[in-house]
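Heavy-atom basis, side chains included; hydrogens, waters and symmetry copies ignored.
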Amino acid sequence: MQDEKAVFAIKDVVLEFEDFERFSKNNPTNKIMKGWRIFGAFYFAIVVLGLALIGEKPVDYSAMDLFDLDALRSLAGIFSMLLMLFFYPWFIHPWIVKKALKKKLRENKFAQKPYDYHFYESGVVISGQNGMSRYTWNDFREVKESKDYLAFYISSMQAHWIPKRMLEGQQDLLEFIKSKVTQYTRVNR
């Protein structure tokens, strides 16, 4: 790649928070996050129910008096558990993930620095202020294209990716990449 002339180049690729958010939602590791979302919902529901029922005697709902404090606490615990079961996965968990993503982005000083991508017949060179990486086309186990990004997977958990906003009018580049890699997937997310 040193003696070759770049066929295509994309300069000053800077990743913004919205790019990270879109990529993390469509990333294969998101299946793990969905599992944690479900686990978290059940965990919170059990904790809330447990706290509501600590030290309580069993309640006979058929003979329940409207002003029976034990019955009302028990019903409140069950209602709280059901609320958490549905509230946590769709509101609390995404908020936690978004907050953690923002923190990671703030801590990673190199993530917001500009990168240059140079595409050669033999591979890709990614360079930035923190260094340079060279890859042959065979180094990529898969290239995924979605409506928001183009990702070059080095492993199942690691990828270099370019936001699609940086690829506007670069249809020739996409065709070039498709012709060079063995596994090219278009994802409709």
Side-chain angles (χ1 to χ4, degrees), residues 1-40 89-91 93-189:
M1 281 183 263
Q2 289 175 329
D3 300 333
E4 287 183 78
K5 182 173 166 69
V7 179
F8 291 97
I10 300 175
K11 302 264 187 189
D12 298 324
V13 175
V14 178
L15 303 174
E16 298 170 0
F17 173 73
E18 290 79 19
D19 298 323
F20 279 95
E21 192 174 33
R22 283 188 203 106
F23 183 74
S24 69
K25 285 180 182 175
N26 294 320
N27 198 357
T29 57
N30 196 27
K31 292 175 187 167
I32 296 167
M33 295 304 290
K34 286 179 182 173
W36 277 108
R37 178 187 289 185
I38 292 166
F39 171 78
W90 308 115
F91 298 103
H93 182 79
W95 178 77
I96 291 170
V97 169
K98 193 174 198 175
K99 191 171 180 176
L101 191 58
K102 282 184 179 179
K103 181 180 177 190
K104 281 202 175 288
L105 188 58
R106 265 194 320 273
E107 290 173 356
N108 187 347
K109 301 295 180 202
F110 298 113
Q112 296 177 337
K113 306 274 184 193
Y115 285 89
D116 295 337
Y117 287 76
H118 298 274
F119 298 90
Y120 298 90
E121 289 290 334
S122 57
V124 180
V125 174
I126 303 168
S127 58
Q129 293 176 355
N130 62 324
M132 178 179 8
S133 299
R134 297 170 196 253
Y135 300 99
T136 65
W137 291 111
N138 291 331
D139 291 337
F140 300 117
R141 94 183 266 234
E142 183 178 13
V143 176
K144 282 188 179 179
E145 178 187 355
S146 80
K147 66 180 177 98
D148 296 317
Y149 62 85
L150 182 67
F152 298 86
Y153 283 87
I154 301 162
S155 71
S156 61
M157 300 294 279
Q158 184 181 8
H160 291 282
W161 51 278
I162 306 170
K164 274 300 222 21
R165 61 183 167 74
M166 302 295 293
L167 298 173
E168 290 178 6
Q170 298 270 359
Q171 192 59 34
D172 293 343
L173 171 61
L174 296 175
E175 294 302 321
F176 176 75
I177 293 168
K178 283 180 194 175
S179 72
K180 295 296 178 184
V181 295
T182 54
Q183 180 80 23
Y184 188 93
T185 309
R186 186 164 173 90
V187 184
N188 292 325
R189 288 183 241 162

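With ring centers used as reference points, Phe8 lies under 6.0 Å from Phe176. Aromatic rings of His160 and Tyr115 (six-membered ring for Trp) have centroids beyond the 6.0 Å cut-off, not under it.
The heavy-atom pair separating Gln129 from Lys113 by the smallest distance is OE1-CD, 3.0 Å. What you find for Pro163 and Val13 is that their closest heavy atoms are CD-CG1, 3.9 Å.
Between the side chain of Lys180 and the backbone N or O of Gly123, no donor-acceptor pair lies under 3.5 Å. Formation of a donor-acceptor pair under 3.5 Å by the Trp137 side chain with backbone atoms of Val124 is not found in this model.
Between Ile177 and Leu150 the shortest side-chain heavy-atom distance falls below 4.5 Å. At a threshold of 4.5 Å between non-hydrogen side-chain atoms, the residues Ile154 and Asp139 do not count as touching. In this structure the side chain of Ile162 reaches within 4.5 angstrom of the side chain of Phe152, judged on heavy atoms.
Taking CG of Leu173 as the reference point, atom OH of Tyr117 lies at 11.5 Å (rounded to 0.5 Å). In this structure, CG on Asp116 lies 5.5 Å from CG on Asp12, to the nearest 0.5 angstrom.
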Please assess Lys11 against His118 for the test side-chain contact (heavy atoms from CB on, under 4.5 Å), listing each intermediate value before the final yes or no.
CA-CA 8 Å; Lys11 302 264 187 189; His118 298 274; 3.5 Å; yes
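Partner of Tyr184 under the side-chain hydrogen bond (donor to acceptor under 3.5 Å, both in side chains) criterion, chosen from Glu142, Glu145, Lys144: Glu145.
Using a 30° and 60° split on the angle between ring planes, Phe140 and Tyr135 fall in the tilted class, from 30° to 60°.
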